[in-house]
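A quick write-up on the structure given underneath.
Numbers restart at 1 for each chain; the letters A, B, ... are given by sequence-line order, proteins then strands.
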Protein chains: 2
Amino acid sequence: MFSKSTEYALRATIFIARNSSADTKVSIQSIAEGIGAPKPFIAKILQQLSNKQNQVISSTPGPSGGFFITKEKRSKPIYIVIEAMGDSTIIENCVLGLPNCSDAAPCSMHKVYKNIRKDLLSMFKDRTIDEIAKSKDRLIPTDFSCKE
Amino acid sequence: MFSKSTEYALRATIFIARNSSADTKVSIQSIAEGIGAPKPFIAKILQQLSNKQNQVISSTPGPSGGFFITKEKRSKPIYIVIEAMGDSTIIENCVLGLPNCSDAAPCSMHKVYKNIRKDLLSMFKDRTIDEIAKSKDRLIPTDFSCKE
DNA sequence: AATATTAAAGATAATTTTATCCTTAATTTT
DNA sequence: AAAATTAAGGATAAAATTATCTTTAATATT
Ligand code: SF4
Ligand code: SF4
């Protein structure tokens, strides 16, 4: 559904929400291992999630530094991750790729897609980061036992 | 949601279903114009939709040749277009990009995504090409008046 | 059979996405 | 203050996607 970048971004954000607090930060290394992503690539994504415009996650350099997520951001919808990655069009745009999508100017799949899109959007806009992080289900390809 | 190729493929297939019959075929030129796609690119996509493995649409070369769709294929689900373009993973795979997705090995968004994915899949697998083609809603970016 | 028309096929180019690497800056610990 | 640790930033590379072009093959019309 999403780009690889956004998949990693979602997994990384959930991982950070689970494994960090005010005084326990997580390193790029442990995030990369925790979600099964290439370290240099996830580093770039973390950068994007924590830059001036986005600030979905926070970071501090230096020893015992790393990434964490503030209480304020924890209660935001996971949608902010998708937005920060620039992938929100995937769930917002027309299935047929037409611009100016609306009930007034419907594409040929409008009627059948409309409600599914609404559900998709509300899934990402109504669920908070903390809510998703709570589940403890897996975030990494090979890990099949994180739930038990 | 889908790749540009698949968006064009869906629009082209619906366009052909609307504008062709056993004796009226449509040319690449008129398809490109009818859906607002670059002609050389849509030519490649039509090729892929009509090749030996896929055969979603059919074609004949020569004067008064062009593309058409058989009665048999008209009654197939639009899912076959997505499959032919190799984009079915987009609606089948895990939102978080994890392999071996199942209730037994759920990812951290499984619970909230499961039913939406089911709806997405049934939308593409239960609706036939003819059913979608019937709507007469727009297939082209600039055309805002095809419904009236 | 010759000609005109149309798609098929394959080569190529541009762009975007994905991934990696190396240097710099910030922070903490000693 | 010096050393160690960690992320930030920027440059580069590889791969996939999107787009274009040219030649060839097939078919119908004359
Ligand atoms: S399907 Fe309808 S609602 Fe969905 S995008 Fe196309 S026009 Fe818009
Ligand atoms: S969300 Fe659940 S069902 Fe959907 S993909 Fe991830 S594991 Fe599979």
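- In this structure, OG in B:Ser135 is found 11.5 Å from CG in B:Asp130, a value given to the nearest 0.5 Å.
- The CZ atom of A:Phe124 lies 4.5 Å from the CE atom of B:Met109; values are rounded to the nearest 0.5 Å.
- Atom CG of B:Asp23 is separated from atom C1' of D:dA28 by 15 Å (rounded to the nearest Å).
- Taking 4.0 angstrom as the limit, B:Ser27 places none of its side-chain polar atoms (N or O) nearer than this to OP1 or OP2 of C:dT5.
- Between B:Ile57 atom CD1 and C:dA7 atom C1' the separation is 11 Å, expressed in whole Å.
- For the pair A:Arg117 (side chain) and A:Glu92 (backbone), a donor-acceptor distance under 3.5 Å is present.
- At least one side-chain heavy atom of A:Leu121 sits less than 4.5 Å from a side-chain heavy atom of A:Ile91.
- Residue A:Asp87 holds its CG atom at 10.5 Å from OH of A:Tyr79, rounded to the nearest 0.5 Å.
- Straight-line distance from the CD1 atom of A:Ile28 to the P atom of C:dT20: 14 Å, rounded to whole Å.
- The nearest whole Å value for the distance from the CG atom in A:Leu46 to the C1' atom in D:dG9 is 14 Å.
- Atom CD1 in A:Ile45 sits about 13 Å away from atom P in D:dA8, given to the nearest Å.
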Enumerate donor-acceptor pairs with a distance under 3.5 Å from any side-chain N or O in residues 63-73 of chain A to protein atoms, sequence neighbours excluded.
| from | atom 1 | to | atom 2 | distance (Å) |
| --- | --- | --- | --- | --- |
| A:Thr70 | OG1 | A:Lys73 | N | 3.2 |

Using nucleotides 18-27 of chain D, report all nitrogen or oxygen pairs with the protein that are shorter than 3.5 Å.
| from | atom 1 | to | atom 2 | distance (Å) |
| --- | --- | --- | --- | --- |
| D:dT18 | OP1 | B:Lys4 | N | 3.1 |
| D:dT18 | OP2 | B:Ser5 | OG | 3.2 |

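- Under the Watson-Crick and G-U wobble criteria, each requiring two contacts below 3.5 Å, nucleotide C:dT30 is paired to D:dA1.
- The separation between B:Ile31 atom CD1 and C:dT6 atom C1' is 12 Å, rounded to whole Å.
- Counting only heavy atoms from C-beta outward, the side chains of B:Ile78 and B:Thr13 never approach each other to under 4.5 Å.
- Atom-to-atom, CG of B:Asp87 to C1' of D:dA16 comes out at 12 Å; the value is rounded to the nearest Å.
- Of the residues in residues 64-73 of chain B, B:Ser64 come within less than 4.0 Å of DNA chain D through at least one heavy atom, sorted by number.
- At distances below 3.5 Å, not a single donor-acceptor pair connects side-chain atoms of B:Arg127 with backbone N or O atoms of B:Ile132.
- We find that CG of A:Asn51 is positioned 10 Å from P of D:dA8, with the value rounded to whole Å.
- Judged by distance alone, with hydrogens and angles left aside, A:Gln47 brings no side-chain donor or acceptor close enough to the base of D:dA7 to form a pair under 3.5 Å.
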inquiry  = Run B:Leu98 and A:Glu7 through side chain to side chain contact (heavy atoms under 4.5 Å, CB included) and show every step you take.
reply    = CA-CA 9 Å; B:Leu98 300 184; A:Glu7 287 174 354; over 6 Å; no

